[in-house]
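As structure tokens, the structure follows; a few thoughts come after it.
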Amino acid sequence: MALTVKRPNGTQDIVPNEVNKWHTVESVVKDTAEQFGFREIRIPTFEETGLFVRSVGDTTDVVQKEMYTVSSAGEKTYTLRPEGTAGTIRAIIENGILNEGLPQKVYYTLSCFRHEKAQKGRLREFHQFGCELLGSASPAADADAIALAHNVLDRLGLKNIRLNINSIGCPECRAKYREALKAYFEPHRSELCETCRERLDKNPMRLLDCKSKEDQEIAKDAPVITDYLCEECAAHFESVKKQLGIMGIDFVVNPKIVRGLDYYTRTVFEFISEDIGSQGTVCGGGRYDGLVEELGGKPTPALGFAMGLERILLTMEAQGCEFMEQRTCDLYLVSMGDAAAEKAVEITARLREEGFYVEYDLVGRGLKAQMKYADKIRAKYVIVIGDSELESGSAKLKNMATGEQSDISLGEALLDDFGAKYYEMMLDTDDDFRSFVEAFADNGQE
Ligand code: ATP
Ligand code: MG
């Protein structure tokens, strides 16, 4: 009996018919990040487990129950990255990148692995676009990173995404706030979920992050961190808000946003979509001034964010956003007979070298079936080559959209002839191409 193997729970196949959606997001992310001065970094898929325990924090859901950890005989214990920040900071320290001048701005697009209950917008393998900005304690850096995330979402065409920001202060502000939270939640201890009872002792701020409705209800009137900020932290927060205002980026201050990491300091933020239900946080980030030092680097203020790309795509689909089109075949060469097939191969090689997308029959189909196939793959042009075309050295070039036919040389002139026809057709049918050409022509006249 044949073995039937299924995709693991919580993973996705990205099939060729859908991959243009990913290309759209990846290209916007890359272009925007680079325009903001971020450079790409690529890191390993797994790291020593201790890295995540120390950076993500051992009281977080991620470390307590979501990590995929493997150990092979006689080796250290490794974990599939549940997020990108820890590995990125490790790599930046290990490669001495902080010695190359500050600030350092890096971005990444990578897969993450978390052992979660799989549901819509919550997977076990998912993808993040993230960035990290190191070496600036200035509120300008917070605003710069937030602006990058905002621009990416905007360029993808997303609407109704609300930026929530908060400040969780420095360790001193937080110590006072923790006491206030403990005092508030203690009388409710028995009503809290089991995890939150533990949080109350170990890390009361995480209570505000609880997903249980009952706990959220209890937390409704909890003291807010912004009332406990020291003067410097309060001034920092004011300045971040002011700069967002200057950039025209709307936000709401949400004192319930505390984020998971222990090393977050001051600014934290989330972009929340209203269109994909409860898994609505499409991007989360914040400042983590203590992390570089914690991981063995010299003390360096830093911040970053990560965007969940599956949630971005869900939102784009829900909102009917546009995706980049799949590239379609420029020219399909239909051939009859061995000599014509060889000619098709030769022409294909020449035109591909010039950047055209060209295909010819690979499965030995007859004339009609080849035409049908060319139609199915939405080829823009077709040339049919048979004995008489080989003899005369000229064939018909058929525009598949209009049915219009014209003569084309199969010799030296083919490239020029085809190039000219192709250019004309693009001007007629492709608005982006036409405006590009027109803008170019206008510039030339000035
Ligand atoms: P949540 O509260 O939804 O569990 P989180 O706080 O665990 O999110 P982060 O660690 O901040 O998430 O990760 C950043 C972003 O990555 C999230 O805002 C979300 O868009 C995405 N993300 C996190 N976990 C998953 C997952 N299991 N599947 C898909 N996307 C995810
Ligand atoms: Mg989570």
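Counting convention: from 1, in listed order, for ligands and their atoms alike. Quick caveat, the model's predicted, so the values are computed rather than measured.
Remark: among candidates A118, G130, S273, G121, the nearest residue to atom 29 (C) of ligand 1 is G121, based on non-hydrogen atoms. Of the options R114, M307, E116, the smallest heavy-atom separation from atom 10 (O) of ligand 1 is shown by R114. Relative to atom 8 (O) of ligand 1, the option among E66, K117, R311 with the closest non-hydrogen atom is R311.
One finds no salt bridge joining E354 and R350 here, because no Lys/Arg side-chain nitrogen approaches an Asp/Glu carboxylate oxygen to under 4.0 Å. The existence of a salt bridge linking E274 and R162 is confirmed by a sub-4.0 Å separation between a basic side-chain nitrogen and an acidic carboxylate oxygen.
Looking at E83 against ligand 1, nothing comes within 4.0 Å, counting heavy atoms. The residue R124 has no part lying near ligand 1, judged by heavy-atom distances below 4.0 Å. Neither the backbone nor the side chain of D61 comes within 4.0 Å of ligand 1, counting heavy atoms alone.
Between F356 and F418, the ring planes lie perpendicular to each other; the angle is over 60°, past the 30° to 60° tilted range. Aromatic ring pairs are classed by plane angle as parallel below 30°, tilted from 30° to 60° and perpendicular above 60°; the pair F271 and F269 is perpendicular.
Each of the atoms 13 (O), 14 (C), 15 (C), 16 (O) of ligand 1 lies under 4.0 Å from some heavy atom of Q128.
In this structure, OH in Y108 is found 11.0 Å from CZ in F38, a value given to the nearest 0.5 Å.
Because its NZ or CZ atom is both nearer than 6.0 Å to the ring centre of F237 and within 45° of the ring axis, K241 counts as a cation-pi partner of that residue.
With 3.5 Å as the limit, one finds a donor-acceptor pair spanning the side chains of T85 and E132.
Among the atoms of K211, some N or O lies under 3.5 angstrom from an N or O of ligand 1. Among the atoms of L123, some N or O lies under 3.5 angstrom from an N or O of ligand 1.
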